[in-house]
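First the structure, in the form of structure tokens, and then the observations on it.
Every chain is numbered from 1 and lettered A, B, ... according to where its sequence line falls, protein lines coming before strand lines. Keep in mind it's a predicted model, so treat the numbers as computed, not measured.
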Number of protein chains: 2
Amino acid sequence: MRDLSGKLRTAGLRTTKQRLALADLLFSGGNRHVTAEILHAEARTNGLAVSQATIYNTLNQFHEAGLLREVIVEQGRSYFDTNLSDHHHFYVENESRLIDIDNQDIAIGDLPQTPTGFEPVGVDVIIRLRHK
Amino acid sequence: MRDLSGKLRTAGLRTTKQRLALADLLFSGGNRHVTAEILHAEARTNGLAVSQATIYNTLNQFHEAGLLREVIVEQGRSYFDTNLSDHHHFYVENESRLIDIDNQDIAIGDLPQTPTGFEPVGVDVIIRLRHK
DNA sequence: ATGCCTGCAAAATATTTGCATGTAA
DNA sequence: TTACATGCAAATATTTTGCAGGCAT
């Protein structure tokens, strides 16, 4: 992912040192699923001094800005997914690991009618897996 | 729901006063979605003195015993569903409210192939709603 | 220069655990 | 009687918030 500065600016976020470094960790490789803890550890490993609060603030801001998708599969911990395409997830329970399901590999037919007065804002499908 | 004692015993749980009272709250009406907080408040309203720890222990034991299904839709809070039939959920984000989707109203076609070495242990579909 | 951002620590929230006591079997 | 359950408080874990100081614009 090039031009992280542009990406942040487009999202309405200032290009601070911490945000740029975290964006680099998040968006420069392939698609990723991270928790605050994972990202914090990675930042420190890469010599970036960021506080936990900034990790949380940044993840939430990126999420609000539409740069990350939040995935809730475990109680007490949030995952953030850099893959913004319409897709769903396998969740390996023993390993606390998420795996993307390619959109062409799943088809949801006959979604139920949305109750009157409401509008759908998203559909999450989670297939929970365990080791055989 | 009659014979709560039998229900607990069948599940391998002792029929204590607190468990029976909580089971009554959970299983005597129609299907319900409760959080620990909701159940605790209800118990107190009904004059039952139970500690928070017992609420959590009981919900977890009922879940382990297969009497409740856990539904994770919000970070930081677990819901427990008394409806054990195969079904999915609407989640009204503004109200923190779950609504069952009748199984005949949704069809998931072409589930993706489970990665080798794993077996599926459940599929959760959550349709998030907002007020129009 | 101004307003948003960061770090730190403390607070808030949800849940779990240790231990002494109580109670179902 | 004995093993499991309960209550209470403290511990744990994750996330959020307040505030003083720092930095992007």
- Item | Between dT6(C) (C1') and His40(A) (NE2): distance, integer Å | 12 Å
- Using a cut-off of less than 4.0 Å, is there contact between a side-chain N or O of Gln18(B) and OP1 or OP2 of dG7(D)? yes
- Item | Which nucleotide in dT6(D), dT15(D), dC5(C) has an atom nearest any side-chain atom of Arg14(A) | dC5(C)
- Message: What I want to check is whether the side chains of Asp81(A) and His33(A) have a donor and an acceptor closer together than 3.5 Å.
- Response: yes
- Query: Nearest-Å distance, NZ (Lys17(A)) to C1' (dT25(D))?
  - Reply: 19 Å
- Among the nucleotides dA14(C), dT15(D), dT17(C), which one has an atom lying closest to any side-chain atom of Ala36(A)? dT15(D)
- Query: Within less than 4.0 Å of OP1 or OP2 of dT16(C), is there a side-chain N or O belonging to Tyr56(B)?
  - Reply: no
- Query: Quick one: on DNA chain C, does Tyr79(B) or Thr15(B) contact a more 5' nucleotide (nearest heavy atom)?
  - Reply: Tyr79(B)
- Message: Do Glu95(B) and His131(B) pair up side chain to side chain, a donor and an acceptor below 3.5 Å, judged on atom types alone?
- Response: yes
- Message: Between C1' on dA5(D) and CG on Asn60(B), what's the gap in Å once rounded to a whole number?
- Response: 14 Å
- Any Arg9(B) side-chain nitrogen or oxygen under 4.0 Å from OP1 or OP2 of dA25(C): yes
- Considering only side-chain heavy atoms of Ala53(B), which listed nucleotide, dA9(D), dT15(C), dT6(C), is closest? dA9(D)
- Query: Base, sugar-phosphate alone, or nothing: which one does Gln75(B) contact when heavy atoms must sit under 4.0 Å apart?
  - Reply: sugar-phosphate
- Query: Should Thr16(B) be listed as having a side-chain N or O under 4.0 Å from OP1 or OP2 of dA24(C)?
  - Reply: no
- Item | Thr58(A) side-chain proximity, nearest of dT6(C), dT6(D), dT15(D) | dT6(C)
- Message: For Glu74(B) and Ser96(B): C-alpha separation, side-chain torsions, deciding distance, then whether side-chain hydrogen bond (donor to acceptor under 3.5 Å, both in side chains) applies.
- Response: CA-CA 8 Å; Glu74(B) 241 178 53; Ser96(B) 299; 3.1 Å; yes
- Query: Nearest of dG7(C), dT15(D), dC4(C) to any side-chain atom of Ser78(A)?
  - Reply: dT15(D)
- Query: What is the distance from NE2 of His63(B) to P of dT15(C), rounded to the nearest Å?
  - Reply: 13 Å
- Task: Respond yes when some side-chain nitrogen or oxygen of Ser51(A) is under 4.0 Å from OP1 or OP2 of dG7(C), and no when none is.
- Result: yes
- Task: Heavy atoms only: give me the nearest Ala43(B)-Leu22(B) pair and the separation to one decimal.
- Result: CB-CD2, 4.2 Å
- Item | Which nucleotide in dT14(D), dT17(C), dA5(D) has an atom nearest any side-chain atom of Arg19(B) | dA5(D)
- Residue Val50(A), side-chain atoms from C-beta onward, closest of dG7(C), dC5(C), dT17(C): dG7(C)
- Query: Rounded to the nearest Å, what distance is computed from the CD atom of residue Glu74(A) to the P atom of nucleotide dT15(C)?
  - Reply: 13 Å
- Task: Could you tell me the separation between the CG atom of Leu48(A) and the C1' atom of dC5(C), rounded to a whole number of Å?
- Result: 14 Å
- Query: For Arg19(B), which of Leu13(B), Val50(B), Asp24(B), Thr54(B) qualifies under side-chain contact (heavy atoms from CB on, under 4.5 Å)?
  - Reply: Leu13(B)
- Item | Heavy-atom neighbours of Glu119(A) CD exceed 12 at 6.0 Å | yes
- Check the distance between dT6(D)'s C1' and Leu13(B)'s CG and give it to me in whole angstrom. 14 Å
- Message: Between P on dT17(C) and CG on Asn57(B), what's the gap in Å once rounded to a whole number?
- Response: 9 Å
